[in-house]
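Following: one structure in structure tokens, then a few remarks.
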Amino acid sequence: MVPSTMSSAQENRSFVAQETSDDFEDEKPIAASRLVRTQVLSIRGSHANSDDSKDDKPIATARQLVKPSQDSEDDDDDDDKPLSSRLLLTPKSKGEKRKRKRPLDHKADSSPKRPKVSHACSSTSTLKITEEKDDDEDDDLIPISQRIKEPTLLTEKKAMKVGSSSTRKPIKKGQNGLKLSSCPKSTNVLPSSNDGQKKWKTLVHNGVMFPPPYEPHGVKMMYEGKPVDLSPEQEEVATMYAVMKDTDYVQKKQTFRNNFWNDWRKLLGENHVIRRLDGCDFTPIYEWCMKEKENRKQMSREEKKAAGAEKKKQEEKYAWAFVDGEKEIVGRFRVEPPALFRGRGEHPKSGKVKRRILPSDVTINIGQDAPVPECPVPGERWKEARHDDTVTWLAFWTDPITPKKFKYVYLGESSSLKIESDQKKYENARMLKDYIGKIRADYSRDFTSKDCAKRQIAVATYLIDKLALRAGNEKGEEEADTVGCCTLKVEHVKAIAPNSLEFNFLGKDSIRYQNTVEVEVPVYKEIRQFQAGKRGGDDLFDKLDASRLNAHLKQQMPGLTAKVFRTYNASITLDDLLNKEIKDKADLTEKVAVYNHANKEVAIICNHQRTISKSHEEQMSKLMEKIGGLRDNLKELKTELKRAKRGKSQPLTDADGKKRKRNSTPAELEKKIAQKTADIENMEMGMRTKEDLKTVALGTSKLNYLDPRITVAWCKRNQVPIQKMFNTTQLRKFAWAMAADPDFRF
DNA sequence: AAACTCACTTAGCAAACCCCAG
DNA sequence: CTGGGGTTTGCTAAGTGAGTTT
């Protein structure tokens with residue numbers, strides 16, 4: 001549990017809550033709805049929750065209290081602590097903490113004791129789980145952790161990977177492959193014999209799956225009251241639009257409608273009867289689609305089963321690949337079907353028609369010795385087949401909307417290749433523990449450097465470190481206008497005397513980041529200085545971009561980039577929160593709540609949001625109603641108890657409305673009352689959590705930022721079954737972490 | 001050193017699925 | 001046995017950051 005040291009954090013929160021969005025009037029519909037959301041997020045805690053103190057502290061806000069200046073001077077000891085806690089330390093807790101050293105760092109946990117095994121061997125066992133698909137059922141009951149015999153392959157590979165990053169030489173068409181084919185088929189080669197950039201030796205797969213060709217339905221839409229004939233191609237696109245009838249895209253976004261109309265008009269041709277989108281009525285098509293959907297839902301159980309099985313069968317062919325002889329699951333192997341582009345936020349291309357991808361758009365990557373998969377569309381052929389062993393993709397095509405971007409087909413999350421890089425990511429982030437003290441000292445020093453570029457690097461690094469901001473690469477004209485740290489505009493930050501900064505900008509996916517933070521005085525001063533004499537739309541960091549920043553970070557620690565801070569911050573926060581004392585006799589539910597609370601804190605740091613579900617309010621009031629009912633019951637029970645004690649008779653129905661034959665004894669009533677009270681408490685707790693999480697997305701951090709070994713270790717220490725924390729997919733992805741030592745610390 | 005290319009991770013939403021109270 | 005609510009899975013957009021080209 002988080003100590004309740006946040007009375008002032010609450011103050012801050014309400015402060016943030018008061019901030020209006022006046023400055024951001026130009027919000028477009030979608031972004032505007034987000035804004036509401038974020039506000040709710042920031043206010044969270046000021047609403048009814050009674051025991052807020054233990055439950056509700058958006059980290060970002062909590063951090064406002066921080067006086068990081070201390071960090072750099074006096075506390076190497078603190079450096080491996082999450083910001084949240086470092087920053088919040090009261091003198092007392094700080095003293096406490098100093099005594100509580102981390103248990104001897106189980107450096108890289110990865111089983112130094114374990115005898116080295118050949119790559120092929122170890123990966124076989126690691127993959128056990130992923131292969132279940134075929135012949136599952138049999139060992140489903142065995143906890144996953146036990147099914148994994150050889151938990152990690154990192155150790156062996158790590159040695160050779162260090163420092164290899166600089167040497168990547170993309171292999172050009174035609175010149176590659178040859179070396180590859182000269183490799184022996186055997187996979188029983190120690191990875192250390194690898195040169196460090198090759199991702200595989202042999203690669204076999206069946207290519208990608210294409211959506212079926214369009215089948216015209218012939219339903220006529222209306223134009224100015226009259227039915228219209230459309231060619232299949234025209235109808236296909238009209239249908240895409242029709243089915244989106246009641247989305248915000250169609251309803252609220254002019255860009256979407258315009259872009260759609262422009263593209264569709266081209267398909268309609270010069271002198272088509274349809275001249276304007278406004279005159280179009282797509283409802284007949286919409287309704288036909290809805291009916292189809294309904295029909296599909298109405299299929300009998302067997303029919304559905306059969307259809308499902310058929311689908312599985314078709315997919316089976318594409319679902320697997322063999323990498324160095326090992327069977328691996330393939331990720332998304334379907335090419336994207338034609339659709340209307342749904343750009344997030346205020347995307348200038350939103351609504352454009354994304355054309356159908358054909359085999360001639362697709363490049364296949366496959367082992368030199370493997371047969372190039374047969375093109376699944378008769379009469380067509382692949383654009384190209386490559387044999388590039390320095391990359392992990394199996395296929396790609398260029399995105400019709402943004403021809404500079406590629407869409408790739410990769411192996412699945414539980415594949416060795418993905419697992420390996422996931423492990424590397426976390427080890428890299430853990431390394432930051434050893435450097436963070438110096439890094440913080442350095443940037444603190446540079447706040448006052450004479451070199452303006454240096455000061456900008458220092459301040460940016462500070463923000464990335466403290467607020468877990470993204471790097472902020474340069475973006476093109478043709479994309480939604482969002483920013484990260486290096487691309488912040490003057491208008492996104494408001495300096496509030498004496499030393500606070502109010503951030504308000506749209507980040508990745510046009511999710512609003514809104515937070516007011518107390519910062520070190522030099523940072524505050526510098527921000528004001530960077531803003532001086534500039535207009536709102538000017539770059540805050542005019543001497544800086546993400547690659548310069550990363551170049552600098554790279555000097556501070558090998559492998560360090562801006563995003564590593566996010567991983568580091570997320571994981572170390574979880575680790576820290578989970579290692580605070582837990583109530584001795586906490587039951588399973590409480591323990592799970594502790595974990596989820598920690599998870600939530602991380603999600604808030606990383607600003608992982610979600611839209612409030614449409615039915616949220618409704619559901620809440622339903623719950624309220626239920627609780628109200630229970631309360632009434634409780635009251636009745638209590639009066640009954642009084643009566644019973646006085647020996648008087650009770651009504652013929654009990655509090656639950658059931659008929660009864662005899663009066664309950666006081667003891668029975670007491671028991672019922674206790675039960676009811678507990679029920680009410682549980683429901684209230686559930687409601688609070690629900691309300692609390694309505695705008696917070698826990699999944700993203702769990703999947704991408706939190707070292708699974710922290711969770712595994714915590715589960716082991718607290719006798720919590722890992723299945724409580726990870727679902728099957730997650731267990732599969734994190735299988736490698738199941739053997740983590742209970743003492744593992746990030 | 002800016003602009004561009006490429007590969008790979010991270011992200012939220014929506015459809016599908018699943019489970020259980022009524 | 002049904003509907004609705006939570007959970008999982010699928011989907012694809014949108015980032016990061018490397019390396020190359022100009």
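By convention in this document, chain letters (A, B, ...) are assigned in the order of the sequence lines, proteins followed by strands, and residues within each chain are numbered from 1. All values derive from a computational prediction rather than experimental measurement. Atom set for the values below is all heavy atoms of this structure, side chains included, hydrogens, waters and symmetry mates excluded.
Under 3.5 Å, the side chains of A:Asn607 and A:Gln514 contain no donor-acceptor pair of N or O atoms. A donor-acceptor contact under 3.5 angstrom links the side chains of A:Glu294 and A:Gln298, judged on distance only. Using a 3.5 Å distance cut-off with no hydrogens or angles, the side chains of A:Asn599 and A:Ser701 do pair a donor with an acceptor.
If you check every strand for non-hydrogen atoms under 4.0 Å, A:Lys622 touches sugar and phosphate atoms only.
Set against B:dG12, B:dA7, C:dA13, the side chain of A:Phe406 has B:dA7 as its closest nucleotide. Taking the side chain of A:Phe341 as heavy atoms from C-beta on, and the options C:dG5, C:dA13, B:dA2, the nearest nucleotide is C:dA13. Distances were taken from every side-chain heavy atom of A:Gln619 (C-beta onward) to each of C:dG5, C:dT12, B:dC6; the shortest belongs to C:dG5. With distances taken from any side-chain atom of A:Lys425 to the nucleotides C:dC11, B:dT10, C:dA13, the minimum falls on B:dT10. When each of B:dC8, C:dG15, C:dT12 is scored by its nearest atom to the side-chain atoms of A:Arg470, the top-ranked nucleotide is C:dG15.
Between A:Asn704 and B:dT9 there is no side-chain N or O to OP1 or OP2 distance below 4.0 Å. Contact check, A:Thr611 against B:dC13: a side-chain N or O comes under 4.0 Å of OP1 or OP2. In this structure, A:His347 reaches the C:dA14 phosphate: one of its side-chain N or O atoms is under 4.0 Å from OP1 or OP2. Under 4.0 angstrom from either OP1 or OP2 of C:dT12 there lies no side-chain N or O belonging to A:Tyr408. A sub-4.0 Å separation between OP1 or OP2 of C:dT12 and a side-chain N or O of A:Lys405 is absent. Under 4.0 angstrom from either OP1 or OP2 of B:dC8 there lies at least one side-chain N or O belonging to A:Thr392. Considering only side-chain N and O atoms, A:Arg566 lies under 4.0 angstrom from the phosphate OP1 or OP2 of B:dA11. Checking the phosphate oxygens (OP1, OP2) of B:dT9, no side-chain nitrogen or oxygen of A:Lys508 falls inside 4.0 Å. In terms of phosphate contacts, A:Lys554 brings no side-chain nitrogen or oxygen within less than 4.0 Å of OP1 or OP2 of C:dG17.
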Inset, instruction - Walk me through it: do A:Phe333 and A:His205 pass the test ring pair (Phe, Tyr, Trp, His ring centres under 6.0 Å)? - result: CA-CA 10 Å; A:Phe333 47 77; A:His205 63 87; over 10 Å; no

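No option in A:Lys425, A:Lys418, A:Lys424 other than A:Lys425 meets the salt bridge (Lys or Arg N to Asp or Glu O under 4.0 Å) test with A:Asp422.
Positionally, the nearest nucleotide of DNA chain C for A:Arg332 lies more toward the 5' end than for the other of A:Arg332 and A:Lys475. When each of A:Leu623 and A:Pro337 is assigned the nucleotide of DNA chain C bearing its nearest heavy atom, the one mapping closer to the 5' terminus is A:Leu623.
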